[in-house]
Amino acid sequence: MIRQQVAEWVARAAHAARESGALAFESLPEFDIETPRNPQFGDYAANLAMALARQARRNPREVAEAIRQHMPDEASAWVERVEVAGAGFLNFYLKPDWAGAVARHILQRGREYGNLTLGAGKRVLIEFVSANPTGPLTLGHGRNAAVGDTLARIYEAAGYTVEREFYINDGENSTQIRNFALSVLTRYRQLLGEPAEMPEDAYHGEYVKEIAQRIRDQFGDSFATGDPETVLKRFEQIAKQQMLDEQARDLADFGVRFDRWFSEQSLYDAGAVSATLDALRARGYAYEHEGALWLKSTAFGDEKDRVLVRANGMPTYLAADVAYHRDKYARGYDRMIDLWGADHHGYVARMKAAMAALGYDPDRLHILIYQLVNLFRGAEPVRMSKRAGEFITLREVIDEIGVDALRFFYLLRSHDSTLDIDIELAQEQSEKNPVYYVQYAHARICSIARTAAERGVETPDPDATDLSVLTHPAEHALVKKLADLPDEIALAVRHDAPHRLTAYALEVARAFHGFYTECRVLGAEPALQAARLLLTQATRLTLARTLHLLGVSAPERMERADES
RNA sequence: GCCCCCGUAGCUCAAUGGACAGAGCAGCGGCCUUCUAAGCCGUUGGUUGUGGGUUCGAAUCCCGCCGGGGGCGCCA
């Protein structure tokens, strides 16, 4: 919030300098308002002069000095002084009472604090998870869900209108759905005592047996006879639906809800796939070769052309996916985000090529690739799941370490980094565990409020309390962190980087713990106590808001389980 | 062979192209009669894999090389 204000003053000063003839430039280049690492360089610093030096044909320090001398008068309300330093930085030193002004601003905005108008109501579609309905959600899907959902929350906070969508790969004629149904059917027959053998490429997890068992419980042996093709079709539907329901339950328990579950099959039913193929043909980017229909993706930078319809007449996954994304474009979003695992990165080029082939701007589609997740128990890698066989399910990890810890750990690293999660660490109720560090700060604030109430201390009125008494360095450090929330949200959106918010949460918690140790709230002299109580409330609002964006709870109390 | 991600302190990782590269953990030394010690303070620890380039300024951008992970199907 302060940052934007400072940026505006600097820009106005530069223009004023040009009008007075002190500076010459065509147009203002982009510049940043930074927080210097070293406090001796002030509270905020602008790098405009260096960026402008070439255009202005002057050395950066002279440019900075020209800007400094044209700083608008109203800046002096908050700014004590501006200095030119280093290579040409403009360093801003704030007046001591800015801290009170920031705290009051946060209290006034309350739960709205951090909300931006950056998005201006632009519509964003975030498609994520989109797991195949042939098995439970995995550890990797969990990362997808956590990143996608938090990204959605951040975009919402930034003022975008967001839709969350899950694409269901439920094409009835697809190989995977057939194999899955065949696997369930085989298990079902085995339950009935028939000597059925699992097909090639079968799904071997225990969950397949569970589904077969449930079908048997519900329908008895009524599928033992009958037309095999009809039975198989029925199994496709039942098994797929059961898997989907389970995935939806897992996601709901993980705090993730979708606005729309988009069925691949619905595209076939509506004729959207064949319409898309027609469109590609009409535009000259689909052609027949060796009995198959190909997408001429090389025309748009892909390394080779891709099959849309196989020689046997069956459309590939790609055909439906192109139709799906065509549908997204037709819905008119300003931005579309897909969240894909690293194992799908090879599909980015062909999808973008397909969109270009259809005449759409491929840059409106942002495909975010996240790297793999490894699970450890201490130093030991965990690879297998009892229930699912070759992969670890999201449900198992939620059961072991809880939603809060898991979501936090998923968002601790950039999506560009492979992620190692240590179950033992995530379960540990100790200083090693960053989740508790943040939540503990929130619980401590609540504890202060409780104790204040017990002692009959009245809740101060933010508008009637003098906050200029907040002058301790620890108070200033805390307020400055709190003031960063809007900027952090803006940066997280700009870089599609939800993990910034976990880092921010940790920084706010650190600043608060420091304040807590240095500055006594209850028992301070009355005016200071009132101001500090309000500062803790502003901190609580900021922390709660940040945790909410991460999908992590903000507990009002935390009791450490006694280790005997 | 081609494509994507990563390489930063002993370990796990931060760092919108900015000033002296920061945290946590581990190590060492301190701090609880007062709002929760799941906390705080101090301290040790670095040629940002490597060689070039762009820039006023590079961990960050570009090129080469080395190392680790992932992907290259008429599967999804």
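Values below: all heavy atoms of this structure, side chains included; hydrogens, waters and symmetry mates excluded. Below, read A as the first sequence line, B as the second, and so on, with proteins coming before strands; counting in each chain starts at 1.
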Assign [X] to base, sugar-phosphate, or nothing according to its heavy-atom contacts below 4.0 angstrom with the strands shown.
X        : result
A:Asn47  : base
A:Gln176 : sugar-phosphate
A:His344 : base
A:Cys446 : nothing
A:Tyr516 : base
A:Ala292 : base
A:Ile33  : base
A:Ala441 : nothing

According to a strict under-4.0 Å criterion, is [X] in side-chain N/O contact with OP1 or OP2 of [N]?
X        : N     : result
A:Tyr437 : B:C40 : yes
A:Arg444 : B:A37 : yes
A:His415 : B:C6  : no

How far does the [atom1] atom of [N] sit from the matching atom of [M], given to the nearest Å?
N     : M     : atom1 : answer
B:U48 : B:C6  : C1'   : 14 Å
B:G24 : B:G70 : C1'   : 28 Å
B:U47 : B:C5  : C1'   : 25 Å
B:C62 : B:U55 : C1'   : 12 Å
B:A59 : B:G46 : C1'   : 12 Å
B:C25 : B:U44 : C1'   : 15 Å
B:C11 : B:G29 : C1'   : 22 Å
B:C65 : B:C4  : P     : 14 Å

Which pairs of donor and acceptor atoms, one on a side chain in residues 505-516 of chain A, lie under 3.5 Å apart (sequence neighbours left out)?
residue  : atom : partner  : partner atom : Å
A:Glu507 : OE1  : A:Lys481 : NZ           : 2.9
A:His513 : ND1  : A:Arg444 : NH1          : 3.1
A:His513 : NE2  : A:Tyr437 : O            : 3.2

*Parallel, tilted or perpendicular: which describes the rings of A:Phe262 and A:Tyr324, with under 30° parallel and over 60° perpendicular?*
tilted
*Parallel, tilted or perpendicular for A:Phe180 and A:Tyr207, by the 30°/60° rule?*
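Judged by the thresholds at 30° and 60°, the geometry between A:Phe180 and A:Tyr207 is tilted.
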*Measure from the ring centre of A:Phe89 to the centre of the six-membered ring in the base of B:G18, then say whether that distance is under 5.5 Å and the planes meet at under 30°.*
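Here the ring of A:Phe89 and the base of B:G18 are not stacked, as the 5.5 Å and 30° limits are not both satisfied.
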_Determine whether the aromatic ring of A:Phe41 stacks with the base of B:A19, defined as ring centroids separated by less than 5.5 Å and ring planes inclined by less than 30°._
yes
Compare the minimum distances between each of [options] and the side chain of [X], then state the nucleotide with the smallest one.
X        : options             : answer
A:Tyr436 : B:G70, B:A38, B:A19 : B:A38
A:Gln40  : B:A14, B:C20, B:U16 : B:C20
A:Arg520 : B:C40, B:U34, B:A19 : B:U34
A:Gln371 : B:G69, B:U12, B:C56 : B:G69
A:Asp416 : B:C6, B:G18, B:C75  : B:C6
A:Arg413 : B:C74, B:A14, B:C56 : B:A14
A:Arg510 : B:C6, B:A15, B:A23  : B:A23
A:His513 : B:A38, B:G39, B:C75 : B:G39
A:Arg494 : B:U16, B:G70, B:G18 : B:U16

*Got a salt bridge between A:Arg350 and A:Asp321, using NZ or NE/NH1/NH2 to carboxylate O under 4.0 Å?*
no
_Toward the 5' end of RNA chain B, by each residue's nearest nucleotide, A:Ala449 or A:Glu507_ = A:Glu507
*5'-most contact on RNA chain B: A:Thr517 or A:Ile448, nearest heavy atom basis?*
A:Ile448
What is the pairing partner of [N], taking Watson-Crick or G-U wobble pairs with both distances under 3.5 Å in any strand?
N     : value
B:G39 : B:C31
B:C74 : none
B:G22 : B:C13

What I want to check is whether an N or O donor and acceptor connect the side chain of [X] with the base of [N] at under 3.5 Å.
X        : N     : result
A:His345 : B:C3  : yes
A:Asn91  : B:A19 : yes
A:Asp343 : B:G71 : no

*Decide if atom CD of A:Glu525 counts as having more than 12 heavy atoms of other residues, nucleotides or ligands within a radius under 6.0 Å.*
yes
Using only heavy-atom distances, determine whether the side chains of [X] and [Y] contain a donor-acceptor pair under 3.5 Å.
X        : Y        : value
A:Asp201 : A:Asn179 : no
A:Thr502 : A:His499 : no
A:Arg3   : A:Thr35  : yes

*In residues 303-315 of chain A, which ones come under 4.0 Å of RNA chain B, going by heavy atoms?*
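Correct list: A:Glu303, A:Val307, A:Arg310, A:Ala311.
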*Report the C-alpha separation of A:Arg532 and A:Glu475 in whole Å, then their side-chain angles, then the decisive distance to 0.1 Å, and conclude whether the salt bridge (Lys or Arg N to Asp or Glu O under 4.0 Å) test is met.*
CA-CA 9 Å; A:Arg532 285 182 172 169; A:Glu475 292 167 337; 2.5 Å; yes
*Please confirm whether A:Phe300 and A:Tyr285 have ring centers closer than 6.0 angstrom.*
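Ring centres of A:Tyr285 and A:Phe300 closer than 6.0 Å.
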